[in-house]
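Below is one structure, written out as structure tokens; comments come after it.
Both counts, for ligands and for their atoms, begin at 1 and track the order of listing. These numbers come from a predicted model, not from an experiment.
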Amino acid sequence: MMKDLYRGEVFYLLASPLEHAEAYRYFEDGGLVVVEGKIVEAGPFEAMRSRYPDFPVTDYSGKLITPGFIDSHIHFSQSEILGMYGKQLLDWLDEYTFPAEEAFSSMAYARDIARFFVKELLKNGTTTCAAYTTVHSVSVTALFSVASEYNMRILAGKVMMNRNAPDYLVDTTRQSESDCRSLIEEWDGKGRNHYVITPRFAITSTPDQLACAGRLHVEYPDTYIQTHLSENQGEIESVLSLYPGHTDYLDVYERAGLLTDRSIFGHCVHLTEREYKRLGEAGGIIAHCPTSNLFLGSGLFDMKEANRYGIRTTLATDVGAGTSFSMWRTMGEAYKIQQLNGYPMTVLDAMYKCTLGSARALSLDDRIGNFLPGREADFIVVDYATTPVQKKRMEYLRSRDKWTIENKLFGLQTLGDDRNTVSTYLMGKRVYGSDPCDHQEASM
Ligand code: GUN
Ligand code: ZN
């Protein structure tokens, strides 16, 4: 039987910090008990050690042990094109993105990039993501099969797009329907895989294809839906001219049956009051992608407004328009965007939106997102101070008795990245990191 006791600074959320004052648990000298890939218990280390005296101890003292991140919007097929100069969304798609996605018609190529992608996520402490692939079925097969090798919980689906894109990247409504059907039958609910019906966005699908996507979700209600919404002004204008008679951008998706409580809408930077209201009422999920919105000059997402309408907002990288795989970097840029909006988010809220909040939005909180008993042991070990600047900051705060959990996390959010990841675990198995600290005898 696989049984382990991990010692370190154990932190996880129990509720939204916007709704509860006591939203988290933090054990500075904590213990996390894992049996057969599932969490048994978390608590003070000494209490855990006396309760589980025969469990081997892996000592990460002084390091943060926290649930793995959930990245709710990322394009695996754009792993090679981060940081392409100078364009806003629609030109960026034409000039860099579509040409990069062409190569994913090859299974070998797609597997290669899928492996790079999964390793990059794990190195950054991301243990679950909702990923876009490309129009090619093989790209989906490649990603699900590589993620399965690591036993990583992943949400993904074939991109449906049948117009306004190069010939080499378009399908038809009929073809996409049969491709999706086969992929759902093969992958959805198999192991840790979830299928996401993925019409790219309203511009690259005909109304007929969007309606087909909506019908597929009705037929397969366990699937998710993901698409892009209101990212860029030029995009919005184009959608409204392609869909005359619709009230707004969200109305296009809603009429196609794509506004559900399992729908993830990337961006949502320029929503109207009606759109906020409908998202809140319908339980639609926002994936806020700060590094992408800044990089493409898309605009400043209004977190306060999204909260006011009770919308479930999650954080996401949106690689390759996003400029980093790191959720710490993503949280840091989310903070800066809200600073410009006059709404300084707390680091606890940011952590929630990358872990438990995302898990709840995706109806996966019975499995991932925190360390309650029975949850899957997807967790990360993080060094608070790997760079000289982080070390100086730590010493400074310690000397003033302000080395609090909020300041520790906020330092990671502002200055951290993949260099801070010590180890990443999926279902209790270490999948990234150097050799773990020596297993010590429990009696020591
Ligand atoms: N809108 C439609 N496709 C995309 C994409 O690939 N990236 C981003 N950021 N926005 C999109
Ligand atoms: Zn995107």
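- Between Tyr132 and His73, the gap from one ring centroid to the other is short of 6.0 Å.
- Take the N/O/S atoms of His73: the one nearest the Zn ion (ligand 2) is NE2.
- Other residues, nucleotides and ligands contribute more than 12 heavy atoms inside 6.0 Å of the CZ atom of Arg181.
- Taking 2.8 Å as the criterion, His228 counts as a coordinating residue of the Zn ion (ligand 2), since one of its N, O or S atoms falls below it.
- Listed by number with element, the atoms of ligand 1 under 4.0 angstrom from any heavy atom of Asp318 are 8 (C), 9 (N).
- Counting heavy-atom neighbours within 6.0 Å of Arg367 CZ, excluding the residue itself, gives a total above 12.
- Considering Arg192, Lys38, Arg430 in turn, Arg192 is the only one that fulfils the salt bridge (charged side-chain N to carboxylate O under 4.0 Å, His left out) rule with Asp378.
- At least one heavy atom of Gln78 sits closer than 4.0 Å to an atom of ligand 1.
- In this structure, Trp92 counts as a contact residue of ligand 1, since one of its heavy atoms falls inside 4.0 Å of the ligand.
- Nearest to the Zn ion (ligand 2), among the N, O or S atoms that Asp318 has, is OD1.
- Inspection of the Thr173 and Asp208 side chains reveals an N or O donor paired with an N or O acceptor under 3.5 Å.
- When ring centroids are compared, Phe410 and Tyr335 come within the 6.0 Å threshold.
- For atom 3 (N) of ligand 1, the closest heavy atom belonging to the protein is Arg200 NE, 2.8 Å.
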Can you give me every donor-acceptor pair (side chain of residues 284-298, partner residue at least two apart or in another chain, under 3.5 Å) with its distance?
{"residue": "Thr291", "atom": "OG1", "partner": "Thr323", "partner atom": "N", "Å": "3.0"}
{"residue": "Ser292", "atom": "OG", "partner": "Asp318", "partner atom": "OD2", "Å": "2.7"}
{"residue": "Asn293", "atom": "ND2", "partner": "His267", "partner atom": "ND1", "Å": "3.0"}
{"residue": "Asn293", "atom": "ND2", "partner": "Cys289", "partner atom": "O", "Å": "3.4"}

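- When heavy-atom distances to ligand 1 are checked against a 4.0 Å cut-off, His75 comes that close only through its side chain, counted from C-beta outward.
- Not one N, O or S atom of Glu231 sits under 2.8 Å from the Zn ion (ligand 2).
- By the 30° and 60° cut-offs, the orientation of the rings of His75 relative to His228 is parallel.
- When the heavy atoms of Glu231, His228, Glu101, His73 are ranked by distance to atom 4 (C) of ligand 1, first place goes to His228.
- The ligand atoms of ligand 1 that sit less than 4.0 angstrom from a heavy atom of Phe201 are 1 (N), 2 (C).
- Applying the 4.0 Å criterion to heavy atoms of Ala321 picks out, from ligand 1, the atoms 9 (N).
- At a heavy-atom distance under 4.0 Å, only side-chain atoms of Leu93, from C-beta outward, approach ligand 1.
- Taking 2.8 Å as the criterion, His267 does not count as a coordinating residue of the Zn ion (ligand 2), since none of its N, O or S atoms falls below it.
- The number of heavy atoms from other shown groups lying within 6.0 Å of CZ (Arg419) does not exceed 12.
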